[in-house]
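Take a look at the structure below.
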Amino acid sequence: MSGTLAVRGVTKRFGGLVAVDDVSFDVHEGEIKAVIGPNGAGKTTLFNVLTGFDTPDAGSATYAGQELLGSRPDRVVRRGVARTFQNTRLFEEMTAHENVMVGTHARTSSGFTSAALRLPRAFREERLASEEADRLLRLVGLAERRDTPAADMPHGLRRLLEIARALATSPKLLLLDEPAAGLNATETAGLADVLYRIRDHGVTIVVVEHDMGLVMQVSDEIVVLDRGAKIAEGPPRLIQKDPAVIKAYLGEEDLDD
Amino acid sequence: MGTAELLQFAIAGLKNGSIYALVALGFTIVYASTGVINFAQGEFVMLGGMLSWWSYSMFDVPLVVAGLMGVALTAVVGIVFELVAIRPRKDGNPLALIIITVGGSLLLSSLARHAFGPLEKSLPAFTPGPSFRVLGAAIDRQTLWIFALTAIAVVLLSLLYTRTRVGKAMRACSIDRSAARLVGVDPRSMVTLSFALAAALGALAGLATTPLTQTAFNIGPSFGIKGFAAAILGGLGNPFAAVIGGLTLGLLESMSIAFISSTFKDAISLLVLLLVLFVRPQGMFGRAVREKV
Amino acid sequence: MRRRFVALGVAVLLCAVAVLPGCTTDGEPGVDAGDAEPIRIGAVLSVTGPYAGLGVPERNAIELEVARINDAGGINGRPLEVLYEDDATDEAAAQAAAVKLIDRDGVVAIIGATGTGQSMAMRGDVERAGVAQVSMAGGNVITGEFSEWVFQTPWPNRVVVPFILSYLQEQGMTRVALISDSGGYGKDGVQITKEEAAGFGVEIVAEETYQRDDKDMTAQLTIIRGAAPDAIMLWGAGSEAPTVLKNAKDLGIEAPIIGAPGNARLELIEGAGDAAEGFTFAAGHILLPESYGVGTEAYEVATDFVDRYTEAYGVGPDIFAGHAYDALHIVVEALKRLPAEGFDAADVRDEIEATNGFIGVGGTFTYSADDHNGLSESDLTLYRVVDGVWVLAEEAE
Amino acid sequence: MGRAALLRYVPGAVVALFFAALPLLATGSDARYVLKVFTFVGVNALVVLGLALLFGYAGQVSLGHAAFFGLGAYTSAYLTTRLELPWIIGLLAAVLVTAIGGMLLALPSLRLKGHYLAMATLGFGEIMHVAFVEASGITGGPDGFSRIPLAALGGFVFESPQAKYWLVWGAVAVGFIIAGNIVSGRPGRSMLALHGSEQGAVASGVDITGLKVRVFTASAVYAGVAGCLYAHVVGFISPSSFTLHNSVIFVAMAVLGGGRSLAGPVAAALILTLAGFADAVFPGLSRETLAVIQDWQADLYGLIIISVMLLAPAGFAGLYRAGLRSVGVKL
């Protein structure tokens, strides 16, 4: 089975409100797919359901032959599906390097006993993890901030740090939740390079984003959600002109309701 | 087990329950404004009884005046404690504040021992006289006072929270301190007010129980545990939940005595509390605070 | 930045204080200026912590008596010096205090501790160093688990229980309910009562307990009322006793309530108010010295102590002050029987064990090789609360 | 050795040297008393080391650890006194029993957070205290458990004050090293991640359920071993040493010590324990001043806790790191 993410009929209700309404789409290996839609369209809820932070009411999502829905978030990560958050969830007191090293915990296994007895296995894993973390920091351009605590880092760099940490789990599929939020123009441009570099390392990307410039620039395909339902899917050129999308974003011209 | 016995157990449960409810209210108020569990809340209960006894024996005043003086003085102690030990913590980190209240609990009980000596003190009943008979069960007057005071406290508190500007300001602080500051509410004075209120409520519980069970410098912790358990059982955050939590805990204890054994009444009620928390991790009426992602 | 430096300075100071090596002075403990070298005995008391209500009257009694003894010339010409240690109602602290008194201060005997647990925690060191310990705690285990180095002054439950059961038997109250606290004193009393009851034709019809600091016992007393006992035995030393009396009165329980010496406290009457009316309890003669019979030597000893204590502290001595008085004087009498010089702690132990017919405040003490409690039923009498005052039970009838 | 490493390990070495030298320094008639007090400090330090892992690193609160302290003490006491088994069996049994207890107590932590978890662990502690009081057949009930034999290992009996001191502080040293290894490696980072942001940790693939169970178990075992040592050093235990008050004081020591640190909590255990034995620190104290100190000891205790929490926002460790930062070293 190729590394395709197949989302089929995913639905999530909060009481009466249908946050995600029977959404289906595919993400092909090596592709950058964007998920866009006005606020409250259910984008983040969809991400939460796909990565185990929320339980779906219906539907399925298979990736590389394995069902994702319903399993615990850390197990989803170990199946190669990593994510970032709309507002970053970093370990504030730990340095950038330490933050990224936590990402490697998805792949390493030395526990209390091997650490307590300082077994060689623990040492070897630590060294490899540290090198991997440095490599990823270089990839996202944070090498020189290696020893800065996350709390002391500016907003834009924090987003890149979280991406680096997600990459440290050696994912094959990376879900980014509004990575460009709060970035200025130069930082957004830098982010685009980072996304290309990640894709060139063979990682498929799904990104939720409001910055249309970035979306149009980097995405191969776009899914548009509105009030929980998928209203359009296709390459950027088509989506730009799709009347339904425009209506969802700009509302009705003739204000009938 | 006739109806008279059953009613008697219920009365015993509600009596203890009302005391736990008053103390739990104190926990909830401080929690609402600071997110902190005040380990010195038990000491406020002790001080309520102790300072009332002191006022009653030092000045030739009727009991009700001495009681009011005791509650007022304890509220002052609550304010001074907050200003000296809580407010200086600029970051308001709940964990550090909790440990500060632990220090406060040790300090207040020890100061009470120095000031009032180690022996227990007593107060006459508010309205002396034989207890009433209701369907074969007995209910003494002091217990009626405890029910009344608890009811009054709950009503006044909910009125304060809903009807008054200060009350709304305190609720605003508990929901979001920075937002409250934006609209001109000074969270620091709200915290001081909440400690004063919690101290007064605790003192009220102390005043009401001293005629029954006397007061001594070291009775704080036993009130503290029960009040904390009641506040958690009901669910932290709203006064109504604290009262229901307290009454439920009291009834749980008396029913354990009635139907199982008095030796294990505390263990049984704690086990039930643990079961409730397992089913509803935020207590019976607490809001399910799920960290939104 | 400067504030942090100040904070650091304070912390370093705190650490330095703690890390200061225990550079101990090897010199002999400070020698008193008095001509003859003082005899030193230790006193481990709970002056702070939950048992402070017992420890403070105990210290008052010892201080009062030491002053009297030294004013009268001390013991065989040597002044008596009592070294006080507060164990703050903590067992580890009690053991540390014992070690300090024995090893550093070289005491020849130890009075203490106030609590049963604290007394037991000192046993290892008392036996290791061979120093006699006279405990003022009521726990049965102190002399129940026999040690040749440990003595006890309060009336043990195994003496008090038969005394009360025989009274119940005389009064024909054979259906008895028990209510006790869950502490050592309560559980101990209940256990011995259940063992001895059958022997006195007494049947236990209900058994309930309450926890320390409980606020209400109506539930337990309702069950007891259901069992319609002839009498209720209350076994507890804490401040919960008055609540039991009040709850019983509210429930309209007619059966008389019989208490143990632990309840012989003014605070009980004050706390229970008119609910204390008719409450009967066993205790030593100290509460009413005339119970010895006016003019007897025991009466003189007790009234003398009661008058001096009341004059010194403004309030009459309670049974804990009495236990301390007895512990001190048992040691002092033993020291008087020894030569002025050249005796060691083992000799003091032997003399204490030889105590015979010492008329104290708690009763007349006679120790022996296998009885380190020295009291008997004759040292107890029954009191009853009438009009807010305790009077001799048989006079009240 | 870089300056940072030098500054990191020198203070530790100095303190270790002091504790090694103490038995030699404390001679004369004070020796037994000073050593006994510092042995109690070691027992508390061991419990607080476990809480430093659970609290300072993993951010999980427990108000029931005195129950594990008691569980370890009673298990070892029962096996060595009633069943007359060798001490090492008592110690291993204490470890096993408290490990199981730790796993049990981890369950609520999987669903509860903050004050609710605090209440659940408080409930556990109170229920265990009732068990200690009521199971008099095993624990001797409120009158306590006496005549507990001395610890002995391969023929050597830990009887002298020096031997008891070395037994306890040896255990603290071993405990410190093991905890040091745990926190400096992968598990330490997982715990800090859990403490920093539970959702961030989960999204990084950290199995927080397994982590919580392990860290609760480890901290329970530390308290269990400390309880076992306490029983065989004091020779008598009773339920009054394993109450909520003791649990609260242990937590206060851990918080005073500061997060992300092992040395800080141990220093806090030292200072708060010694606050109760002033004349072990200043042997030259006159009896009058000592009596005053003892009378005001509880007040002093409360004042120390409040003032450190106000003066040193992040506890002793925070102060230590602030000191290093002001000297230009990043730790």
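Within every chain, numbering begins at 1; the chains are lettered A, B, ... in the order of the sequence lines, protein sequences first and strands thereafter.
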Original post:
For A/Phe91 and D/Ser204, which heavy atoms make the closest approach, and how far apart are they?
Top reply: CZ-OG, 4.1 Å

Subject >> Best-contacting candidate, D/Gly180, D/Gly196, D/Gly188, D/Ser190, against chain A by heavy atom pairs under 4.5 angstrom >> reply: D/Ser190

Original post:
About how many Å separate CZ of D/Arg189 and OG1 of A/Thr104, when rounded to the nearest 0.5 Å?
Top reply: 5.5 Å

Original post:
If you count heavy-atom pairs under 4.5 Å with chain D, which of A/Glu92, A/Arg78, A/Arg165 comes out on top?
Top reply: A/Arg165

**OP:** Identify the two heavy atoms, one from D/Gly200 and one from A/Phe85, that lie closest to each other, and give their separation to 0.1 Å.
**Re:** CA-CE1, 4.3 Å

Original post:
Where does A/Arg75 contact chain D at under 4.5 Å (heavy atoms): side chain, backbone, both or neither?
Top reply: neither

**OP:** Answer yes or no: are there more than 12 heavy-atom neighbours, outside D/Arg214 itself, under 6.0 Å from its atom CZ?
**Re:** no

Original post:
Quick check: are there more than 12 heavy atoms from other residues, nucleotides or ligands sitting under 6.0 Å from CD of A/Glu93?
Top reply: no

Original post:
Considering only heavy atoms, which portion of D/Val183 lies under 4.5 Å from any heavy atom of chain A: side chain, backbone, both, or neither?
Top reply: neither

**OP:** Could you tell me whether the side chain of D/Thr217 reaches within less than 4.5 Å of the side chain of A/Phe112, counting heavy atoms only?
**Re:** no

**OP:** Under 4.5 Å heavy-atom distance to chain D, tell me which part of A/Glu125 shows up: side chain, backbone, both or neither.
**Re:** side chain

Subject >> Closest contact, heavy atoms only, A/Val77 versus D/Ala203 >> reply: CG2-O, 3.4 Å

Subject >> chain A contacts, top residue of D/Asn181, D/Ile178, D/Ile208, D/Ile177 (heavy-atom pairs, under 4.5 Å) >> reply: D/Asn181

Subject >> Shortest non-hydrogen separation from D/Arg186 to A/His105 and the atoms involved >> reply: NH2-O, 2.9 Å

**OP:** For side-chain contact (heavy atoms from CB on, under 4.5 Å), just list the numbers for D/Thr209 and A/Arg72, CA-CA rounded to whole Å, side-chain angles, deciding distance to a tenth of an Å, and then say yes or no.
**Re:** CA-CA 10 Å; D/Thr209 309; A/Arg72 265 193 355 215; 3.9 Å; yes

Subject >> Per-residue contact mode, A/Thr169 against chain D (heavy atom under 4.5 angstrom) >> reply: side chain

**OP:** Identify the residue among D/Leu211, D/Val206, D/Asp207 that makes a side chain to side chain contact (heavy atoms under 4.5 Å, CB included) with A/Asp74.
**Re:** D/Asp207

**OP:** Check whether any side-chain heavy atom of D/His195 lies under 4.5 Å from a side-chain heavy atom of A/Met94, and answer yes or no.
**Re:** no

Original post:
Is it the side chain or the backbone of D/Ala218 that comes within 4.5 Å of chain A heavy atoms, both, or neither?
Top reply: side chain

